[in-house]
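Each remark here refers to the structure printed beneath this line.
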2 protein chains.
Amino acid sequence: MTIHAPKTLPEGGKAQRVYLSLSNEISNGVYAAGTMLPGENRLAERFGVSRITIRRALDALAADQRIEKKTGAGSIVLKPHEDGTKIAANFATLMPQLVEMGQSTTARLLSFSYGPAPGGIATDLNLGKGQSVQTAIRVRYADGKPFSHLTTHVPEDIARHYDEADLATQPLFQLFERSGVSVQSAYQTVSATLAAPDVADALEVSVGAPLLSLRRIVRDINGRGIEHLSALYRPDLFRLEMNLSRVGAGDARHWEPVIGAPE
Amino acid sequence: MTIHAPKTLPEGGKAQRVYLSLSNEISNGVYAAGTMLPGENRLAERFGVSRITIRRALDALAADQRIEKKTGAGSIVLKPHEDGTKIAANFATLMPQLVEMGQSTTARLLSFSYGPAPGGIATDLNLGKGQSVQTAIRVRYADGKPFSHLTTHVPEDIARHYDEADLATQPLFQLFERSGVSVQSAYQTVSATLAAPDVADALEVSVGAPLLSLRRIVRDINGRGIEHLSALYRPDLFRLEMNLSRVGAGDARHWEPVIGAPE
DNA sequence: TAAATCTGTCATTTACATAAAACAGGTTTT
DNA sequence: AAAACCTGTTTTATGTAAATGACAGATTTA
């Protein structure tokens with residue numbers, strides 16, 4: 001399932017909306033694989049647009065290998081292409097997995113500087129106002145495709161334990177352990193955003209494409225902020241996943257994340 | 001903070017995308033409250049659009065009370081209207097929290113039907129082809145604002161333990177426990193999408209707004225699929241969060257989700 | 001006070017998605 | 001074989017978002 005609309009469709013036009021709707025309905029099985037879609041005229045009427053618009057949406061779906069157009073007959077829904085390339089990170093054990101990922105992925109350092117922490121970040125890290133942090137922006141690639149855009153803020157005194165070269169080759173987290181920083185706790189938030197121009201450019205998606213957004217604050221044993229991460233992921237290449245298990249009995253029965261086990 | 005674009009902006013046009021991007025960046029603190037936005041010409045260059053387009057986006061932001069335009073000077077970022085209503089769900093213990101939420105939120109049933117399970121869903125739930133499932137689409141509201149759009153699929157024999165009225169008032173998960181189904185494990189995936197017209201309508205956001213997407217498969221003790229949930233959340237009203245703690249020593253040192261404790 | 005920078009506004013032009021309608025030529029159905 | 005239905009293709013028209021450029025007036029900076 002490619003969420004990202006093909007560039008052939010006018011960005012944000014009716015055709016794209018029809019495309020998104022149909023794409024969704026196919027994913028959700030409203031139109032099952034192997035069955036025929038309604039005719040173009042029928043769809044045009046249903047969506048309240050002209051046949052040409054429907055046509056463009058169908059062409060885009062065909063280009064995505066989601067349907068096959070049969071001249072004179074109609075469009076048949078194809079079986080979804082298995083995205084072997086999708087990178088999955090276990091949300092519960094995210095960081096160790098990133099270490100592993102570090103070995104099969106590439107990172108590019110886009111920006112690197114020291115300076116006073118922006119307001120929100122300083123608050124999150126419990127820093128004094130104007131205290132200096134290292135700000136680094138990196139993009140991670142898998143198979144030559146950029147799948148994540150990472151902005152990290154680290155208090156300067158901690159950041160001085162490693163340099164730019166380290167950042168381009170090793171995950172930030174690994175550098176901490178090596179520096180003897182006693183990492184203790186982390187707080188993560190997940191949300192969604194749209195790609196702004198700079199990020200869109202770095203991640204090779206169009207402006208306004210949906211991105212998975214993860215924010216993480218890591219603290220040391222004293223509760224001091226060590227790292228502030230703001231990560232943006234391409235949903236077509238990356239997803240967070242997690243297994244839960246129902247444990248306990250009676251009133252105490254509740255959910256617990258499964259730690260070691262992937263799907 | 002309203003992601004919903006004013007009607008004055010062309011649905012899905014460049015101006016709206018700029019509006020959404022800026023709106024997002026303000027929410028994320030890229031432009032902190034009290035500071036000035038870059039000038040219109042600068043923004044035009046940054047987004048690669050004309051100044052008029054920027055202007056329309058800024059007007060929309062001003063109409064939303066997110067910025068204040070000062071003639072001759074620039075636009076100042078306003079303090080966000082405190083929506084104290086942001087709903088946070090702990091990702092690790094999601095379901096129990098949903099139970100609690102059920103008491104302070106309203107649900108509306110948009111669609112309800114029985115029929116053969118769509119292909120992908122049937123596979124996910126390990127169902128025989130064409131086996132009947134109950135499909136329900138619900139929207140949840142908090143303070144009169146819709147924050148989530150839920151599509152659930154449940155095998156018919158299990159679903160028959162409750163009816164439409166139950167669905168509108170109680171979280172699905174609660175209904176299972178009551179029906180004596182032995183819930184065992186769950187698998188969750190998180191990603192991001194754009195709002196398609198139908199969802200946009202239900203969630204009162206504009207088409208193309210970013211949404212957090214969560215997919216969950218719940219199984220019973222025999223590994224049989226019980227529920228397939230496809231949820232879409234408004235990122236401005238809802239977020240997933242999680243606390244992690246670093247435990248163990250030496251090579252065995254790793255992250256573990258903190259269970260009971262919220263922020 | 002002068003210069004620089006910004007917003008407010010207008011007029012003109014360009015670009016392009018969408019609509020509407022008609023026809024040719026496949027495919028399926030009866 | 002004919003009828004019904006479908007896609008493929010083209011032409012013309014239209015509405016409108018967006019770009020361009022220019023200028024006035026407000027505000028800040030030097």
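Within every chain, numbering begins at 1; the chains are lettered A, B, ... in the order of the sequence lines, protein sequences first and strands thereafter. Just so we're clear, the structure is a prediction, and the values are computed from it rather than from any experiment.
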For B:Lys70 and for B:Val49, find the nucleotide of DNA chain D with the closest heavy atom, then tell me which residue's nucleotide is more 5'. B:Val49

Does B:Arg51 get its side chain close enough to the base of D:dG21, under 3.5 Å, for a donor-acceptor pair? no

Rounded interatomic separation in angstrom, taking CZ from A:Phe47 and C1' from C:dT18: 16 Å

For A:Thr71 and A:Ile52, find the nucleotide of DNA chain C closest to each by heavy atoms; which residue's nucleotide sits nearer the 5' end? A:Ile52

When you get a sec, tell me which of D:dA18, C:dT18, C:dT7 is the closest nucleotide to the side chain of B:Asn41? C:dT7

In whole Å, I'd like the distance from the OH atom of B:Tyr19 to the P atom of D:dA17. 17 Å

Output the rounded distance in Å from CZ (A:Arg56) to P (C:dA17). 6 Å

Tell me which nucleotide among D:dA18, D:dG8, C:dT18 gets nearest to the side chain of B:Ala15. D:dA18

A:Ser21 and A:Phe47: side-chain contact (heavy atoms from CB on, under 4.5 Å), yes or no, with the steps? CA-CA 10 Å; A:Ser21 278; A:Phe47 282 96; 3.7 Å; yes

Parallel, tilted or perpendicular, as decided by the 30° and 60° cut-offs, for the rings of B:His228 and B:His153: perpendicular

At under 4.0 Å, does any side-chain N or O of A:Lys69 touch on OP1 or OP2 of D:dG8? yes

Can you check whether B:Val205's main-chain N or O pairs, donor with acceptor, with B:Arg234's side chain at less than 3.5 Å? no

Which nucleotide in the list C:dC6, D:dG8, C:dA19 gets nearest to the side chain of A:Lys14? C:dA19

Nearest 0.5 Å, what's the CD-CZ distance between A:Gln134 and A:Phe112? 4.0 Å

Could you say whether B:Ser75 or A:Gly48 is positioned toward the 5' end of DNA chain C, judged by the nucleotide with the nearest heavy atom to each? B:Ser75

Is it true that B:Glu40 and B:Arg55 have a side-chain N and a carboxylate O under 4.0 angstrom from each other? yes

Per atom distances to the B:Arg55 side chain, the nearest of D:dG8, C:dA19, C:dT7 is C:dT7

Nearest whole Å is fine: how far is D:dC5 C1' from A:Met36 CE? 11 Å

Rounded to whole Å, please give me the gap between CD in B:Glu68 and P in D:dT27. 13 Å

Integer-rounded Å distance: D:dT9 P and A:Asp59 CG: 9 Å

What's the closest nucleotide to the side chain of A:Glu40 if the choices are D:dG8, D:dT27, C:dT7? D:dG8

C:dA20 P sits how many Å from A:Ile54 CD1, rounded? 13 Å

